[in-house]
A.B. asks: 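Before I ask anything, let me first share the structure, which is written out below as structure tokens.
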Amino acid sequence: MARNGPDDTTRRDTSEVAAVEGLLAYAHTRRRRSRARVRGVREAVERSRALAGLDPLTHTPLLVRALRALARVLLGRGQPDEALPHALEAVALARPLGGPALVMCLATLTETYEALHRYSEAAAAAREAEAAAEPPP
């Protein structure tokens, strides 16, 4: 494991965060429609959800990334109905964070709505993403 700083070994959850990061990275090396890819990302969501339960301020962005990854994997498998709850949860968790995380989650939600042929909701999510991407005046 690569160390990012001198205090990494004293943090209790460092290895669990690394495990989630590894699961997400490994999922991208698997075939697009493989079950192993879905299992790996689901495990990453479960582990990051546990971490976010312990320390929400630190680990919610990781949970958002894992949820978004799961939604994207399910979309790639042609399962937008299963991807929708994960995309919605990712957006709900990313709203307080704002910034690029929110924009990316809204883009995934837009894609999910389009795959479900819910075009008015897709357009609303796209408008929100566009507004979130604009720098404040």
A.B. asks: Could you walk me through whether L97 and V64 pass side chain to side chain contact (heavy atoms under 4.5 Å, CB included), step by step?
C.D. replies: CA-CA 10 Å; L97 303 173; V64 167; 4.2 Å; yes
A.B. asks: If we only count heavy atoms from C-beta on, is the E89 to R49 side-chain gap below 4.5 Å?
C.D. replies: yes
A.B. asks: Taking side-chain hydrogen bond (donor to acceptor under 3.5 Å, both in side chains) as the test, write out the residues that go with E46, two or more places apart.
C.D. replies: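 In terms of side-chain hydrogen bond (donor to acceptor under 3.5 Å, both in side chains), with neighbours along the sequence ignored, E46 is linked to no residue.
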A.B. asks: Supply the members, apart from L57, of the Ile/Leu/Val/Met/Phe/Trp/Tyr cluster built from side-chain contacts under 4.5 Å; use none for a lone residue.
C.D. replies: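 L57 clusters with nothing; isolated.
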A.B. asks: To check you understand the geometry: which heavy-atom pair defines the closest contact between P80 and T112, and what is its length?
C.D. replies: O-CG2, 3.6 Å
A.B. asks: So if you build clusters from Ile, Leu, Val, Met, Phe, Trp, Tyr with side-chain heavy-atom gaps below 4.5 Å, do L67 and L23 land together?
C.D. replies: no
A.B. asks: Treating R47 as the side-chain partner and V20 as the backbone partner, does any N or O pair qualify as donor plus acceptor under 3.5 Å?
C.D. replies: no
A.B. asks: Kindly give the heavy-atom pair with the smallest separation between P56 and T60, and that separation in Å.
C.D. replies: O-OG1, 2.6 Å
A.B. asks: Given a cutoff of under 4.5 Å between side-chain heavy atoms of I, L, V, M, F, W and Y, with clusters grown through shared members, what are the other residues clustered with L106?
C.D. replies: L84, L88, V91, L102, L109, Y113, L116
A.B. asks: Which heavy-atom pair separates R42 from L70 by the least distance, and what is that distance?
C.D. replies: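 Answer, listing the atom of R42 first, then L70: CG-CD1, 3.8 Å.
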A.B. asks: State the CG-CD distance between L74 and Q79, to the nearest 0.5 angstrom.
C.D. replies: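 Answer for the CG-CD pair, L74 versus Q79, is 5.5 Å.
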A.B. asks: Where do A125 and T110 come nearest, in terms of heavy atoms and distance?
C.D. replies: CB-OG1, 3.3 Å
A.B. asks: Could you name each residue pair satisfying salt bridge (Lys or Arg N to Asp or Glu O under 4.0 Å) that touches residues 58-80, not counting sequence neighbours?
C.D. replies: E21-R65, R72-E111
A.B. asks: Looking at every heavy atom in both A83 and A71, which two are closest together, and how far apart are they?
C.D. replies: CB-O, 3.4 Å
A.B. asks: What residue pairs, at least two apart or across chains, pass salt bridge (Lys or Arg N to Asp or Glu O under 4.0 Å) with a residue in residues 116-125?
C.D. replies: R118-E121
A.B. asks: Got a second to check how far L62's CG is from L24's CG, nearest 0.5 Å?
C.D. replies: 6.5 Å
A.B. asks: Heavy atoms only: give me the nearest A27-R37 pair and the separation to one decimal.
C.D. replies: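 Scanning both residues, the minimum pair turns out to be O-NE, 3.0 Å.
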A.B. asks: Mind checking whether M104 and V41 sit in one hydrophobic cluster, side chains of I, L, V, M, F, W, Y counted as touching below 4.5 Å?
C.D. replies: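 M104 does not cluster with V41.
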A.B. asks: Is it true that the side chains of Y26 and H28 contain a donor and an acceptor less than 3.5 Å apart?
C.D. replies: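 No donor-acceptor contact under 3.5 Å links the two side chains.
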A.B. asks: Do L93 and V103 land in one hydrophobic cluster if side-chain heavy atoms of ILVMFWY residues count as linked below 4.5 Å?
C.D. replies: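 Result: no, two separate clusters.
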A.B. asks: Which value, rounded to the nearest 0.5 Å, describes the distance between T108 atom OG1 and L75 atom CG?
C.D. replies: 7.5 Å
A.B. asks: Give every residue pair that meets the salt bridge (Lys or Arg N to Asp or Glu O under 4.0 Å) criterion with at least one member in residues 124-133, sequence neighbours excluded.
C.D. replies: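 For residues 124-133, and leaving out neighbouring residues, the salt bridge (Lys or Arg N to Asp or Glu O under 4.0 Å) pairs sorted by first residue read R95-E128.
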